[in-house]
Amino acid sequence: MVLFLGPWSVGKSSMINYLLGLDETPHQLYTGAEPTTSEFTVVMHGPKLKTIEGIVMAADSARSFSPLEKFGQNFLEKLIGIEIPHKLLERVTLVDTPGIIENRKQQERGYPFNDVCQWFIDRADLIFVVFDPTKLDVGLELEMLFQQLKGRESQIRIILNKADSMATQELMRVYGALFWSLAPLINVTEPPRVYVSSFWPEEYNQDTHKELFLREEISLLEDLTQVIENRLENKIAFIRQHAIRVRIHALLVDRYLHTYKDKMTFFSDGELVFKDILEDPDKFFIFKSILAKTNVSKFDLPNRDAYKDFFGVNPITSFKLLSQQCSYMAGCVLEKIEKAITHELPDLLSSISKKPSNLNCDVTGCGEAPKNRYKKH
């Protein structure tokens with residue numbers, strides 16, 4: 001799945017039209033200078049051109065969109081699917097999203113926009129965040145969106161679209177301004193890849209860096225092909241990363257529970273005892289004991305304050321010790337997770353990596369789409 005996010009009217013829909021060669025066809029996504037896309041549009045492969053309503057997509061369990069029903073009927077009315085018999089779509093599903101409008105409140109959309117975005121972010125293999133030279137300001141909604149993208153920086157690609165609409169010197173200033181705006185939001189050592197071009201079928205404007213834009217366009221297509229090729233490896237690596245987090249969380253909750261049980265006496269007030277533990281976990285060596293007894297990295301430990309919120313929703317008394325969750329027949333849950341992290345998932349990853357790749361443009365369709373300008377050369 002490739003997800004397109006960004007402010008309104010920066011060219012997200014035009015970019016999808018261009019990648020798939022949909023311009024001037026009955027199924028091209030509607031584009032314009034005003035905010036045009038108010039729906040989440042899922043472009044996927046099908047035997048013939050076909051539009052599918054959101055309520056139908058959610059009702060069809062074979063399409064894997066049924067969990068979206070939890071966001072309500074108002075959202076399903078804003079969800080639309082388009083099936084197209086296109087080679088690229090055999091391997092990729094493209095998702096166009098409503099543009100971010102900073103002066104619009106969440107409730108005015110009629111559904112939880114950020115929650116829906118999070119659902120798609122969690123399932124996306126590649127996330128294109130699209131800007132254009134006139135929309136570089138970062139407001140509250142965009143800032144919230146980047147908070148949702150934390151931990152997925154390797155999947156993010158920044159697109160500075162409509163780059164041929166300005167002269168070289170102006171473009172350099174815009175490029176710098178874009179990084180200036182995004183720097184506080186993307187807190188990683190290595191910034192995400194930025195592609196600078198104009199992704200639509202028109203010829204580039206005269207007196208602009210045509211060769212640069214062309215190279216950037218080709219690089220983006222190669223990047224997309226590479227993501228398709230590495231999709232399984234990335235998925236397995238992500239599952240393993242998630243399993244490590246689950247393991248650490250389980251160990252920490254178990255440690256909190258052990259400490260709570262040790263400190264409780266017949267006359268103790270359970271609420272006060274646990275509040276004391278939550279307020280200063282270092283006093284009870286909660287986190288240090290995990291580092292000392294397991295091969296957990298200190299850099300993987302979650303924020304201590306997060307557990308105040310966690311136990312505020314999930315009372316400590318509702319948990320069992322990990323040692324009590326073992327049986328003769330089924331074994332121990334934590335041991336199964338350990339085995340998956342240390343042996344099963346790495347072995348699976350190794351077996352896939354050894355297989356020769358037969359993926360090329362004939363398979364992925366990258367040679368077919370877009371019907372773009374460099375095909376003329």
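For the single chain, residues carry numbers from 1 onward in sequence order.
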Close side-chain approach of [X] to [Y], heavy-atom, < 4.5 Å:
{"X": "Lys261", "Y": "Leu321", "value": "yes"}
{"X": "Leu252", "Y": "Ile248", "value": "yes"}
{"X": "Phe131", "Y": "Lys162", "value": "no"}
{"X": "Leu182", "Y": "Val129", "value": "no"}
{"X": "Glu229", "Y": "Gln226", "value": "yes"}
{"X": "Leu220", "Y": "Met15", "value": "yes"}
{"X": "Lys339", "Y": "Glu335", "value": "no"}
{"X": "Phe287", "Y": "Lys298", "value": "no"}

Flag yes if [X] and [Y] sit in one hydrophobic cluster, no otherwise; membership is Ile, Leu, Val, Met, Phe, Trp, Tyr, and two members link when side-chain heavy atoms are under 4.5 Å apart.
{"X": "Met1", "Y": "Ile80", "result": "no"}
{"X": "Ile286", "Y": "Leu291", "result": "yes"}
{"X": "Leu20", "Y": "Ile228", "result": "yes"}
{"X": "Leu257", "Y": "Val246", "result": "yes"}
{"X": "Trp180", "Y": "Ile158", "result": "no"}

- Any chance you could lay out the side-chain contact (heavy atoms from CB on, under 4.5 Å) test for Lys275 and Glu271, step after step, and finish with the verdict? CA-CA 6 Å; Lys275 186 180 179 184; Glu271 197 172 314; 5.8 Å; no
- Task: Using the six-membered ring of Phe120, assess whether NZ or CZ of Arg123 lies under 6.0 Å from its centre and within 45 degrees of the ring axis.
- Result: no
- Check: Asn114/Gln118 side-chain N/O donor and acceptor closer than 3.5 Å: no
- Would Asp164 and Thr208 satisfy side-chain hydrogen bond (donor to acceptor under 3.5 Å, both in side chains), going step by step from the backbone distance to the final call? CA-CA 6 Å; Asp164 71 332; Thr208 55; 5.3 Å; no
So does [Y] get a backbone contact from the side chain of [X], meaning a donor-acceptor N/O pair under 3.5 Å?
{"X": "Arg240", "Y": "Ile341", "answer": "yes"}
{"X": "Ser350", "Y": "Pro346", "answer": "no"}
{"X": "Gln325", "Y": "Lys320", "answer": "yes"}
{"X": "Arg152", "Y": "Asp122", "answer": "yes"}
{"X": "Asn17", "Y": "Leu22", "answer": "no"}
{"X": "Gln155", "Y": "Ala124", "answer": "yes"}
{"X": "Ser14", "Y": "Gly11", "answer": "no"}

Which pair of non-hydrogen atoms, one from [X] and one from [Y], has the smallest distance, and what is that distance?
{"X": "Val10", "Y": "Pro7", "value": "CG2-O, 3.3 Å"}
{"X": "Gly270", "Y": "Met264", "value": "CA-SD, 3.5 Å"}
{"X": "Pro85", "Y": "Pro47", "value": "CB-O, 3.7 Å"}
{"X": "Pro133", "Y": "Met166", "value": "CB-SD, 3.5 Å"}
{"X": "Leu89", "Y": "Val43", "value": "CD2-O, 3.7 Å"}
{"X": "Glu39", "Y": "Pro98", "value": "O-CD, 3.5 Å"}

Please report the interatomic distance [atom1]([X]) to [atom2]([Y]), rounded to the nearest 0.5 Å.
{"X": "Thr259", "Y": "Lys283", "atom1": "OG1", "atom2": "NZ", "value": "12.0 Å"}
{"X": "Ile52", "Y": "Lys50", "atom1": "CD1", "atom2": "NZ", "value": "5.0 Å"}
{"X": "Ile82", "Y": "Thr93", "atom1": "CD1", "atom2": "OG1", "value": "12.5 Å"}
{"X": "Arg215", "Y": "His209", "atom1": "CZ", "atom2": "NE2", "value": "9.5 Å"}
{"X": "Leu334", "Y": "Leu251", "atom1": "CG", "atom2": "CG", "value": "5.0 Å"}
{"X": "Ile159", "Y": "Ser197", "atom1": "CD1", "atom2": "OG", "value": "9.0 Å"}

- Query: After noting the C-alpha distance and the side-chain angles of Arg63 and Asp60, does the key distance pass the side-chain contact (heavy atoms from CB on, under 4.5 Å) rule?
  - Reply: CA-CA 6 Å; Arg63 293 184 192 277; Asp60 186 354; 3.2 Å; yes
is_close_aromatic([X], [Y]), centroid dist under 6.0 Å:
{"X": "Tyr204", "Y": "Phe213", "answer": "yes"}
{"X": "Phe179", "Y": "Tyr175", "answer": "yes"}
{"X": "Phe40", "Y": "Phe75", "answer": "yes"}

Using a strict 4.0 Å threshold on nitrogen-to-oxygen distance, state whether [X] and [Y] make a salt bridge.
{"X": "Lys48", "Y": "Glu83", "answer": "no"}
{"X": "Asp282", "Y": "Lys288", "answer": "no"}
{"X": "Arg304", "Y": "Glu279", "answer": "no"}

- Query: Which is it for Lys263 and Asp276 under the salt bridge (Lys or Arg N to Asp or Glu O under 4.0 Å) test, yes or no, and what are the steps along the way?
  - Reply: CA-CA 10 Å; Lys263 297 297 171 189; Asp276 187 34; over 6 Å; no
Please check if atom [atom1] in [X] has more than 12 non-hydrogen atoms from other residues, nucleotides or ligands closer than 6.0 Å.
{"X": "Glu211", "atom1": "CD", "answer": "no"}
{"X": "Ile55", "atom1": "CD1", "answer": "no"}
{"X": "Glu53", "atom1": "CD", "answer": "no"}

- Which residue, Arg91, Lys235, Arg231, forms the salt bridge (Lys or Arg N to Asp or Glu O under 4.0 Å) with Asp125? Lys235
- Apply ring-ring contact (aromatic ring centres under 6.0 Å, His included) to Phe71 and Tyr111, showing your working. CA-CA 7 Å; Phe71 298 118; Tyr111 61 89; 8.6 Å; no
- Give me the ring orientation class for Phe274 and Phe311: parallel if the planes are under 30° apart, tilted from 30 to 60°, perpendicular past 60°. perpendicular
- Query: Between Glu233 and Phe238, does a side-chain contact (heavy atoms from CB on, under 4.5 Å) hold up when you go through it step by step?
  - Reply: CA-CA 9 Å; Glu233 288 95 325; Phe238 179 75; over 6 Å; no
- From the options Leu88, Ile16, Leu224, Val95, select the one residue that forms a side-chain contact (heavy atoms from CB on, under 4.5 Å) with Val2. Leu224
- Item | side-chain contact (heavy atoms from CB on, under 4.5 Å), paired with Tyr195, selected from Asn161, Leu160, Val130, Asp223 | Asp223
- Query: Going through the distances and angles, do His258 and Phe284 end up as a ring-ring contact (aromatic ring centres under 6.0 Å, His included)?
  - Reply: CA-CA 11 Å; His258 259 295; Phe284 301 95; over 10 Å; no
